[in-house]
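We name chains A, B, ... by the order of the sequence lines, and we start the count at 1 in each one. These figures come from a predicted structure and were not determined experimentally.
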There are 2 protein chains.
Amino acid sequence: MPRQVPVSLRPHRITAADVARKAGVSRSAVSRAFTEGAYVDKEKRARILKVAADLGYRPNALAAGLQGKGRSNLVAIVTGDLVNHYDGEILARMVRQLTAIGKWPVVLNAGDEIPDADVSGVLGFPLDAMILRGGSVPDDVVEHCAKLKIPLIVSGRILDRPGIDSVCCDNERGSALAVEALIARGRRRIAYLGGQADLTSDRERRKGFLDAVQAAGLSPVAQADGDYSFDGGLASARALLTAHPEIDALFCANDAMALGAQAVATCELGRTVPESLSIVGFDDIAMARWPTIALSTIRNDMDMTVTQIMRLLAARLDDPDAPPQTVRTEPEFIARGTH
Amino acid sequence: MPRQVPVSLRPHRITAADVARKAGVSRSAVSRAFTEGAYVDKEKRARILKVAADLGYRPNALAAGLQGKGRSNLVAIVTGDLVNHYDGEILARMVRQLTAIGKWPVVLNAGDEIPDADVSGVLGFPLDAMILRGGSVPDDVVEHCAKLKIPLIVSGRILDRPGIDSVCCDNERGSALAVEALIARGRRRIAYLGGQADLTSDRERRKGFLDAVQAAGLSPVAQADGDYSFDGGLASARALLTAHPEIDALFCANDAMALGAQAVATCELGRTVPESLSIVGFDDIAMARWPTIALSTIRNDMDMTVTQIMRLLAARLDDPDAPPQTVRTEPEFIARGTH
DNA sequence: AAAACTTATGCACACGTGTTCATATAGAGG
DNA sequence: CCTCTATATGAACACGTGTGCATAAGTTTT
């Protein structure tokens, strides 16, 4: 009974050899038919492509990426919580830009905590690069990338280490712009509603705030920590405004917290914005310009950020040993209805 | 002059052979040291892992995935525009769930148009599965997946074809719930603010709306098309409310459009919500519950949806030839402040 | 003591591709 | 006619891994 059908769970994927057999050519020819500028008879190539299309064949990207010189075309993106609109919007841009240049983004969602094992695990792939959005960067990840010679591009903070490129908004300048705008509106009792105090972005924004307030001859009424989320901003603002009712302006470390602060101030504490309380955010997420929201904020230009990330990526792929680059993007005050 | 240093652009990634050489063992041993339950001397394994850690070695996932039986652990996710909050929030959940079971999500952002070439291109990888979020599904993609035997899981619409699993909200029922709630509030001149009319979700929600209105003995005042975006909802609502000032309720095909409609109604047309105009959305995105928003809407349970997607995925990986499954999730009316 | 079984280990193969190498054919130019 | 160049083609190798196979050693059972 030689009726031994080889049962494979995964039904045999069409391979170049299959196409070659069916088209009556060598396997090399099939590979060449899919390679731009290779020596293949024009008519023969057409026939091969026809057969390939019929069979539904396409070159296995894993096998192709295994080749020494070729790149895997995989790029890992480690992002923060996507419910945070800034991260979502910037991710969308990155994904589109990457696919446009033939790279495939493998996305890791950090959420609030750092997915150490995940980030470490994805390094099993010979990534063309890794893009780290904001947050704290675990040291061992940096170490791994360095050992594996995987280019690391950090956005949202500056990391001054060899082989690591960074692009980040000039946070201190942004804070200064916000404080200036608030003072121009006659505000004098300004508080800072911060994010996680251990993040570089918060440290810089906080420092910029304190410096600017001091430079104006004022002193900050209060400071609070949050977690860059709507709910966190709401809770922190509640505590802040209850303990210090004299506050007449809130500068928030990002837009989500600003919206949370606005919610608690207007819906719960009976304040009116901007009459009895000014609020300024940071980032300029898409909804900040909605008429019903109209949030005054500091623009953290996402298009520019992503453009720079892509530029750094291209440069790094071109020359892995080039000195690390650091880019600061320019913030801008966007006057709307809450200040 | 035999000083021929082999110059490779990509600095040689550490390989199992390197570890084997340095640890004085065979390459097989290295592989086994990283394989759970393989026969290796306990002490030997420890030594190998130590050397591997020192060298920064980890098994190349590409080579591993090339193995016949093993899976690549790559899962493609095709999503809509992430500025659309529903897509962003559901993507975040999927990414987290997938990484939790050791799958790596390759994300394609459809944006408004269908990235035909991209979707086709990612099929070069021997994907474990492909998850398609909403929208229209190009037929040739379905065809390709079928030929390549790549499991396809569609969310946001039902696709009744062999080997394709679907999970989708019971849209008609959701619309009926919305209409009921509006009628209970005394509304009689209800209009439908739809999304792209060629999408299944819009067709079903529209049908559910029309049926429910008719069942209540009313007739719909008007219908309009949008594009599921805030701006689209705003523009459509402006046209709708201007042409039909008698409208006293808007049922919108998703939350983003509902918020756009609210913006134009209150900020531009002098209507008050809900006093002179009721608005009900669909999806229940995170911000719908913000006190400043308080959008009455139909919950399209994301946790349940993702749970079901993961369940279908597991089942499909377990048995590729199982009959296709279809899941309808139950919608729920969430009463807040806009109806 | 013999047999059966568990553990350990290296060799060799398979995965599917891109590409080098050698070889062959054809055309052009002297 | 000979040489040189451009084009075409198949065999063979390399990429890095997991694992089947054969073999050896150690342990338990009969």
Query - Given dC11(C), dT9(C), dA12(D), the nucleotide with the shortest approach to the side chain of Ser28(B) - result: dC11(C)
Query raised in the report: Does atom CG of Asp160(B) have more than 12 heavy-atom neighbours, drawn from other residues, nucleotides or ligands, at distances under 6.0 Å?
Result: no
Report task. Could you verify whether a donor N or O on one side chain and an acceptor N or O on the other, from Thr79(B) and Arg133(B), lie under 3.5 Å apart? Result -> no
Report summary line: Ranking dG10(D), dT17(D), dG10(C) by distance to the side chain of Arg27(B), first place goes to dT17(D)
Report summary line: Here the distance between atom P of dG18(D) and atom CD of Glu36(B), to the nearest Å, is 13 Å
Report task. Establish, with yes or no, whether the OP1 or OP2 oxygen of dA8(C) is under 4.0 angstrom from a side-chain nitrogen or oxygen of Lys44(B). Result -> no
Report summary line: Of the candidates dT19(C), dG16(D), dT9(C), the side chain of Arg32(B) sits closest to dT9(C)
Query raised in the report: Is the phosphate of dG18(D), meaning OP1 or OP2, less than 4.0 Å from a side-chain N or O of Ser31(B)?
Result: yes
Query raised in the report: Base, sugar-phosphate alone, or nothing: which one does Thr15(A) contact when heavy atoms must sit under 4.0 Å apart?
Result: sugar-phosphate
Report summary line: Per atom distances to the Tyr57(A) side chain, the nearest of dG18(C), dG16(C), dT17(C) is dT17(C)
Query - N-O pairing of Asp54(A) and Lys50(A) below 4.0 Å - result: yes
Query - Whichever of Val25(B) and Ala63(B) has its nearest DNA chain C nucleotide further upstream toward 5' - result: Val25(B)
Query raised in the report: Are any of Tyr39(A)'s side-chain N or O atoms less than 4.0 Å away from OP1 or OP2 of dA8(D)?
Result: no
Query raised in the report: Just how far is it from atom CZ of Arg328(B) to atom OG of Ser166(B), taken to the nearest 0.5 Å?
Result: 9.0 Å
Query - Residue Pro59(A), side-chain atoms from C-beta onward, closest of dT9(D), dG18(C), dG16(D) - result: dG18(C)
Requested in this report: Starting from P on dA24(C), measure out to CG on Asp41(A) and report it in whole angstrom.
Outcome: 20 Å
